Protein chains: 4
Amino acid sequence: MSEERAEPGTQEPEEAKDRPRRRQARGERRIAQLLEAAASVFCTTGYTAASTNAIAREAGVSPGTLYQFFPNKEAIAIELGSRLMHEMRETYGEALAPVDPATPLEEAIGAAVDRFIAFNCERPEFFALMHGPDIPGRVAEQHDALHATLLNRIEGLLASLLPDRPPADITRVAQVSLGVYKAGLELVLAHEGAERDAYVQEIKDVLIRYLEPMSAGTRRDHPWIHTP
Amino acid sequence: MSEERAEPGTQEPEEAKDRPRRRQARGERRIAQLLEAAASVFCTTGYTAASTNAIAREAGVSPGTLYQFFPNKEAIAIELGSRLMHEMRETYGEALAPVDPATPLEEAIGAAVDRFIAFNCERPEFFALMHGPDIPGRVAEQHDALHATLLNRIEGLLASLLPDRPPADITRVAQVSLGVYKAGLELVLAHEGAERDAYVQEIKDVLIRYLEPMSAGTRRDHPWIHTP
Amino acid sequence: MSEERAEPGTQEPEEAKDRPRRRQARGERRIAQLLEAAASVFCTTGYTAASTNAIAREAGVSPGTLYQFFPNKEAIAIELGSRLMHEMRETYGEALAPVDPATPLEEAIGAAVDRFIAFNCERPEFFALMHGPDIPGRVAEQHDALHATLLNRIEGLLASLLPDRPPADITRVAQVSLGVYKAGLELVLAHEGAERDAYVQEIKDVLIRYLEPMSAGTRRDHPWIHTP
Amino acid sequence: MSEERAEPGTQEPEEAKDRPRRRQARGERRIAQLLEAAASVFCTTGYTAASTNAIAREAGVSPGTLYQFFPNKEAIAIELGSRLMHEMRETYGEALAPVDPATPLEEAIGAAVDRFIAFNCERPEFFALMHGPDIPGRVAEQHDALHATLLNRIEGLLASLLPDRPPADITRVAQVSLGVYKAGLELVLAHEGAERDAYVQEIKDVLIRYLEPMSAGTRRDHPWIHTP
DNA sequence: GATGAATGAGGATTCATTCAT
DNA sequence: TATGAATGAATCCTCATTCAT
């Protein structure tokens with residue numbers, strides 16, 4: 001396996017670092033193709049009902065080809081989720097990054113929600129991936145990965161907004177916020193135009209009003225401190 | 001399983017309406033049996049993964065018998081959902097009924113959430129039924145039924161809390177509230193003990209803070225008018 | 001499930017014990033059919049290469065039907081093996097049963113081999129079942145069952161022939177004898193007519209000569225006492 | 001299989017044998033690599049379950065490369081078997097070669113078995129190759145090759161031991177002996193330590209006692225005292 | 001009504017083999 | 001040569017549903 005590397009490769013000397021990847025180019029393309037197909041199928045039928053054969057068919061390849069790149073359906077979901085996370089970060093920047101404590105809460109929340117919604121509307125498969133075959137207790141892996149990543153980032157954001165809350169509280173609030181967001185997203189995706197906008201605003205309201213009292217003391221003086 | 005022995009045999013001809021009733025009785029019992037089994041299976045494996053054969057097995061009947069009472073899997077879910085709705089109403093009273101406008105919001109919401117949570121913890125199948133193979137746009141029938149009913153009732157409750165909002169707003173707020181509630185329920189069911197209680201409180205907070213500003217003007221004078 | 005049994009069954013009162021089986025009759029037939037098909041396929045392609053679909057096809061039923069009666073391929077093999085064992089016992093009597101110590105060894109061995117060979121020639125699937133996908137250490141279940149049963153019986157036979165050998169020796173000798181027998185059977189089945197007969201005689205010779213010196217002292221006075 | 005590589009190509013006229021030789025060298029290494037991998041996989045999973053992809057992976061090459069050297073799975077087995085035969089001959093000398101008729105039978109058999117066992121314990125793939133997906137009548141090619149070679153050699157050995165038996169008898173006895181040996185080998189490989197040794201002794205006993213009476217008259221006057 | 005047998009298309013996954021590069 | 005992508009039929013097995021009894 002290593003001695004063949006010795007042959008200097010007379011064909012394309014300029015791209016030395018791509019050499020080991022040259023053959024993978026096709027594969028890389030196939031992977032992209034398959035993930036795209038998977039995204040489409042996940043959106044159409046939902047994750048649970050999506051079949052690997054359907055994904056392969058949608059991608060225009062044979063089932064065997066799919067299994068050359070992914071060991072099973074879950075791996076596809078995981079990879080798709082991870083790529084979506086990366087894309088989200090790259091495209092929308094640190095939508096969920098910790099913010100300057102001076103930023104008004106409405107602004108921080110509003111921006112985060114807007115960007116998030118925008119991303120999800122453009123990449124509806126993201127939503128599909130967040131809805132696995134959930135039985136309350138048992139959560140699937142791919143799910144977990146996506147969920148955990150999102151949760152982490154939300155925790156980071158919240159930590160900056162609520163600096164003096166204990167971690168357990170932060171986690172809980174993050175869970176609730178993510179839950180609220182997901183629920184809202186479902187509604188947003190189910191509507192269009194003005195209605196959709198109205199739902200977006202509604203989510204913002206929910207989150208802002210939920211979080212505002214918590215950050216009150218630490219961020220500004222508010223007369224209505226309300227801590228459970 | 002042992003009550004069937006009560007059937008008195010063929011000896012009383014005069015009460016024509018009783019005879020079919022007896023048949024019905026057995027049928028009703030079978031249906032109840034099947035629904036109970038379905039509830040159990042739905043809880044264990046989730047709606048999507050639940051198989052009719054598994055339900056029949058759990059009920060101790062043959063698959064054919066199941067199909068004598070329900071035309072398909074979805075019908076089971078629908079019937080189960082409808083019965084749960086009834087039971088919820090009967091057991092917990094008008095948890096979601098319109099309230100006296102004088103009731104403090106926290107109290108109204110708190111009571112509604114508590115009852116709702118209590119019911120769901122006792123009847124976890126209710127939750128399972130709310131999580132079908134959801135694809136954002138396409139919502140399954142059984143789902144719809146349950147959802148619509150819940151929505152209706154929430155709308156009623158909200159209408160009494162927010163008397164001067166237009167129906168479209170009421171519907172939207174109801175949708176959001178239900179979404180929030182469902183999201184919260186998932187978290188509640190995923191935790192136990194003190195953590196669970198904390199999540200319950202969190203849901204209440206979310207909802208109260210979300211709704212309070214809306215009802216503020218119409219219900220009392222609040223100093224912190226907050227209109228987006 | 002059991003209370004329906006109380007209804008007196010007006011159709012065939014005479015065969016009360018067949019009643020709970022009435023529906024199973026078809027199933028029982030199917031099982032027999034499937035086992036026959038399995039036998040045929042095992043013989044044709046060997047156990048390892050035999051596919052459940054091929055068995056179902058051979059039986060003229062759908063794959064689903066097969067799986068209504070057997071959870072997997074191995075279960076088929078196990079059941080087939082067990083039935084073959086029973087049949088062997090019933091048809092050929094106690095071919096491998098312990099014998100009167102007075103029986104001359106040649107006679108005992110000769111008869112056992114003859115009957116065994118006869119059975120295997122009539123039921124070649126028996127042989128197929130003894131050849132799983134053997135990796136020396138790992139032996140499959142179905143295999144084990146058949147093997148263990150045969151071994152047991154051979155041990156019984158040997159125990160009567162070699163009364164003063166320790167159990168470990170008996171087991172070892174039984175293993176060897178069974179191995180020899182199986183090897184011989186393969187050769188016998190691979191030949192026909194006079195050649196086959198010659199091979200049968202050869203097996204007898206191997207076994208007799210192998211066992212004779214062991215039983216010598218205990219059975220008769222032989223000048224060539226031979227104890228390892 | 002490797003001689004075809006001798007084709008000199010069109011480019012180097014003067015040193016026709018050197019250039020291709022270098023190629024051959026690499027090819028030989030590849031082949032050795034692949035065969036080693038195949039041996040390992042055959043031992044682990046058995047011949048039937050071994051997949052060419054697995055062999056290629058184990059060898060650290062691509063499936064395509066494997067098929068550059070072997071037209072199919074069976075060819076690998078055949079080549080492996082043939083090399084094992086050669087190795088056996090070279091390493092253990094003429095373990096199965098005809099012997100001086102003066103050699104006591106026990107000694108001849110004992111030595112042959114010992115060497116054979118030793119070789120098989122060191123090269124367990126040899127055993128794996130002897131257990132293809134056997135169907136009594138149909139014997140696979142690779143199998144045949146190995147089997148035929150072994151048989152030949154055993155026939156040679158037997159011919160020297162039983163000089164006045166007709167060839168048909170020799171063949172038959174050789175088949176039986178080989179069968180016995182294979183059966184014994186399975187048992188030997190399945191045990192360890194003292195048990196293993198005991199089984200080895202058992203095989204020797206079987207074979208010696210089987211063959212002794214045949215060679216008795218023709219070899220010497222033995223009152224056939226026989227102590228292992 | 002009830003039973004259990006029957007279906008057959010469809011699920012995920014594997015594998016020997018071929019092909020483009 | 002070597003690679004790794006591609007194939008597609010075949011594997012075992014499941015399931016909603018129907019049917020004969």
Side-chain angles (χ1 to χ4, degrees), chain A residues 1 3-5 7 11-12 20-31 49-56 60-74, chain B residues 23 26-27 30 49-56 61-74 76, chain C residues 1 3-5 7 11 20-31 49-56 60-74, chain D residues 5 23 26-27 30 49-57 60-74 76:
Chain A
M1 196 154 214
E3 53 279 345
E4 294 88 317
R5 296 286 135 257
E7 41 123 82
Q11 305 91 322
E12 55 276 3
R21 296 283 160 205
R22 213 181 5 122
R23 290 311 141 84
Q24 250 104 330
R26 226 185 348 162
E28 219 52 80
R29 236 177 299 133
R30 270 286 119 90
I31 288 177
S51 86
T52 54
N53 283 5
I55 294 173
V61 302
S62 69
T65 297
L66 185 154
Y67 279 90
Q68 199 130 35
F69 298 103
F70 301 100
N72 51 46
K73 192 164 76 162
E74 198 165 342
Chain B
R23 299 234 140 168
R26 206 164 49 158
R30 277 278 126 92
S51 88
T52 54
N53 284 359
I55 294 172
V61 301
S62 67
T65 298
L66 184 153
Y67 278 89
Q68 215 129 25
F69 295 101
F70 299 100
N72 51 46
K73 192 164 84 163
E74 199 166 343
I76 302 175
Chain C
M1 201 154 213
E3 53 280 335
E4 292 89 320
R5 298 285 133 257
E7 42 123 84
Q11 304 94 321
R21 295 285 160 207
R22 211 180 8 121
R23 290 311 144 85
Q24 251 105 328
R26 224 185 348 161
E28 219 53 79
R29 237 177 298 133
R30 271 287 121 89
I31 288 176
S51 85
T52 54
N53 283 6
I55 294 172
V61 302
S62 69
T65 297
L66 183 151
Y67 279 92
Q68 199 130 37
F69 298 103
F70 301 99
N72 51 46
K73 192 165 76 163
E74 197 165 343
Chain D
R5 298 289 130 256
R23 298 235 142 167
R26 206 164 48 157
R30 276 279 123 93
S51 87
T52 55
N53 284 357
I55 294 172
R57 204 180 314 124
V61 303
S62 67
T65 297
L66 183 152
Y67 278 89
Q68 216 129 23
F69 295 99
F70 300 100
N72 51 45
K73 191 163 86 162
E74 199 166 344
I76 302 175

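Everything numeric in this text was worked out from a predicted model, so none of it was measured. Every chain is numbered from 1, with letters handed out A, B, ... down the list of sequences.
- For the atom pair CD (Glu74(B)) and OG1 (Thr52(B)), the distance works out to 13.5 Å, reported to the nearest 0.5 Å.
- A close approach under 4.0 Å does occur between a side-chain nitrogen or oxygen of Ser62(A) and OP1 or OP2 of dT7(F).
- Heavy-atom minimum distance, Ala56(A) versus Leu66(A): N-CD1, 3.9 Å.
- Within the 4.0 Å cut-off from OP1 or OP2 of dA2(E), at least one side-chain nitrogen or oxygen of Arg30(B) is found.
- Among the protein residues, Phe69(B) comes within range of the sugar-phosphate backbone only, with heavy atoms under 4.0 Å from sugar or phosphate atoms but none that close to a base.
- Heavy atoms only, all atoms of each residue included: Phe70(C) and Ile31(C) are closest at CZ-CG2, 3.9 Å.
- We find that CD of Gln68(C) is positioned 15 Å from P of dT3(E), with the value rounded to whole Å.
- A straight line from CG of Leu66(B) to C1' of dG1(E) spans 14 Å, rounded to a whole angstrom.
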Pairing pattern in dot-bracket form [Watson-Crick, G-U; both distances under 3.5 Å; | = partner strand] for DNA chain E: .||||||||||||||||||||

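- Between Tyr67(B) and Asn72(B) the shortest heavy-atom distance is CE2-CA, 4.0 Å.
- Side-chain atoms of Lys73(C) do not come within 3.5 Å of backbone N or O of Ser51(C) as any donor-acceptor pair.
- Put simply, CZ on Phe70(D) is 15 Å from C1' on dA2(F), counting in whole angstrom units.
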Distances under 3.5 Å between protein N/O atoms and the N/O atoms of nucleotides 15-19 of chain F, please, pair by pair.
unit_1  : atom_1 : unit_2   : atom_2 : d
dA16(F) : OP1    : Ala50(B) : O      : 3.2
dA16(F) : OP2    : Thr52(B) : N      : 2.6
dA16(F) : OP2    : Thr52(B) : OG1    : 3.2
dT17(F) : OP2    : Tyr67(B) : OH     : 2.9
dT17(F) : OP2    : Lys73(B) : N      : 3.4

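- Every side chain to side chain contact (heavy atoms under 4.5 Å, CB included) that Thr65(B) has, sequence neighbours left out, goes to Arg30(B), Val61(B), Ser62(B), Phe69(B).
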